[in-house]
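Working notes, beginning with the structure itself.
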Amino acid sequence: MEFALAPEQEEFRKVVHEFAQTVVAPRAEAMDRAEQLDPDVLDQMAGMGLFGLPFGEEYGGMGADYLTLCLAIEELARVDSSVAITLEAAVGLGAMPIWRYGTEEQKRHWLPRLAAGEGLAAFGLTEPGGGSDAGAVRTRAVQDGDQWVIDGTKAFITNAGLPRSMIATVAAATGTRPDGRPEVTTIIVPVGTPGFTVGRSYSKVGWHASDTRELVFEGCRVPVANTLGQRGDGLANFLRTLEEGRIAIAALATGLCQGCVDESVSYAREREAFGRPISSFQAIAFKIADMELRAHTARLAYYHAAARLVAGQPFSKEAAIAKLYASEAAVTCAREAVQVHGGYGFMNEFPVARFYRDAKVLEIGEGTSEVMRILIGRSLGL
Ligand SMILES: Cc1cc2nc3c(=O)[nH]c(=O)nc-3n(C[C@H](O)[C@H](O)[C@H](O)COP(=O)(O)OP(=O)(O)OC[C@H]3O[C@@H](n4cnc5c(N)ncnc54)[C@H](O)[C@@H]3O)c2cc1C
């Protein structure tokens, strides 16, 4: 059993750590207040190759593995979850289906610009009527000659409304299966296609600087050649993409836990009460020790799930465990980090206040905690 990262992974983690601490952290509060990412941050991430990490070098990617992508997401989330989820949604959700299921022509057409970070991809599965029941897709695509005509609405979609947003991979019902459920097909829809409207940004509890919007399709026509994978395979392909994405969300949650440790250690050493640093009170030190315990355990869980994915072994259960544990750990760590900061923890200028707002969605996105428990239960035959 080998627990060490490969030397190049460790080196890469340090590079992203340095970038996160020196470039992202100083701008995080301003981006949160402005509810907008600084384009220069995205440009620098693009320059580091982050948007092309897991894709082949022949398509402009870095040829790294999924764990390496997760390491980058963890280090970014240690200071700013909005930046981390922008990378996760663009690479792990938006572009990944093209890398996994695209034809050679589709890969050559889309991946180089996505890998370079010139364009961002969004993943359009959830609908206003429900996300957990992913197969109950109501958005419809009807074939008319060599075109799909798409009608419907997607809800809570990340990365579709940024100036550099380029495509959405959209799940649409293209027929009915023998069991009466929709036949789901994935279709690439370029941003700017007539009939594809990207709505206004939602007003959110957290992830303020991340772009989340409703997508509306009204008679939107795209070539049938934009079908991703086989007709009818859309749900299976999206679910596999989400399973991988859960490992990345666990990495993001781990980063948030570690950020809570970082902030709490430095604050507790400086803040004094009753004439001594609050770190000298065991009540405070124990809270921080518990945060470290959760960060460490969450990291082991996502490393394990990612290692299985990279080795080509089944990883669904491990991904669900990692996502469930890490997201609930992040919510707990953020609540305790605010407590360590006392009243200042409730002030937006303190990173832990942002961590507190950013943590909750981790128990919801890419499969809720309830859905994770269902999946783990199923793996036990329940
Ligand atoms: C900020 C943000 C960004 C997002 N980005 C994207 C994106 O880029 N692309 C995308 O496609 N989606 C995205 N989502 C959607 C997200 O994946 C869904 O919100 C999530 O899957 C839950 O779906 P829902 O909101 O419809 O809740 P519902 O499915 O309506 O669930 C409501 C509640 O019922 C529970 N529940 C549902 N079914 C069961 C069951 N069988 N047993 C027990 N409990 C159950 C749920 O756990 C939950 O507690 C995003 C969401 C947010 C908030």
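Because only heavy atoms are used, hydrogens play no part in the values below, and waters and symmetry mates are left out as well, while side chains stay in. Source: prediction; values computed, not measured. All ligand and atom numbering here is 1-based and tracks the order in the structure.
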What I want to know is whether [X] and ligand 1 share at least one N or O pair that is separated by under 3.5 angstrom.
X      : answer
Gly124 : no
Lys204 : no
Trp207 : no
Glu127 : no

Could any protein non-hydrogen atom be found less than 4.0 Å from [atom]?
atom                    : answer
atom 39 (C) of ligand 1 : no
atom 1 (C) of ligand 1  : yes
atom 33 (C) of ligand 1 : no
atom 47 (O) of ligand 1 : yes

Salt-bridge test for [X] and [Y]: reply yes if a basic N is under 4.0 Å from a carboxylate O, no otherwise.
X      : Y      : result
Arg78  : Glu75  : yes
Lys204 : Asp211 : no
Arg27  : Asp40  : yes
Glu244 : Arg100 : yes
Arg113 : Glu118 : no
Glu336 : Lys287 : yes
Glu272 : Arg276 : no

What's the shortest distance from [atom] to any protein heavy atom, and which residue and atom give it?
atom                    : result
atom 51 (C) of ligand 1 : Phe156 CB, 3.5 Å
atom 44 (N) of ligand 1 : Glu370 CB, 3.7 Å
atom 24 (P) of ligand 1 : Gly131 N, 3.7 Å
atom 15 (C) of ligand 1 : Thr126 OG1, 3.2 Å
atom 36 (N) of ligand 1 : Ser132 OG, 4.4 Å
atom 53 (C) of ligand 1 : Val361 CG2, 3.6 Å
atom 8 (O) of ligand 1  : Thr158 N, 3.0 Å

Report yes if some heavy atom in the side chain of Thr153 is under 4.5 Å from a heavy atom in the side chain of Glu127; otherwise report no. no

Contact between Val83 and Met31 at the side-chain level, heavy atoms closer than 4.5 Å - yes or no? yes

Check each atom of ligand 1 against the heavy atoms of [X] and keep those under 4.0 Å away; list them by number with element.
X      : result
Ile157 : 7 (C), 8 (O), 9 (N), 10 (C), 11 (O)
Thr368 : 22 (C), 46 (C), 47 (O)
Glu366 : 17 (O)
Phe123 : 7 (C), 8 (O), 9 (N), 10 (C), 11 (O)
Gly130 : 26 (O)
Ile374 : 40 (C), 41 (N), 42 (N)
Leu125 : 11 (O)

Answer with yes or no whether Ile364 contacts ligand 1, where contact means a heavy atom under 4.0 Å from a ligand atom. yes

Parallel, tilted or perpendicular: which one describes the rings of Tyr267 and Phe350, with boundaries at 30° and 60°? perpendicular

So, Glu74 versus Thr254: side-chain donor-acceptor pair below 3.5 Å or not? no

Between Ser369 and Glu363, is there a side-chain donor-acceptor contact under 3.5 Å, judged purely by atom types and distance? no

Would you sort out whether Arg373 and Glu370 count as a salt bridge (charged side-chain N to carboxylate O under 4.0 Å, His left out), showing the intermediate values? CA-CA 5 Å; Arg373 288 189 164 87; Glu370 291 75 19; 5.9 Å; no

Examine Tyr325 together with Tyr302 and report whether their ring centres are nearer than 6.0 Å. no

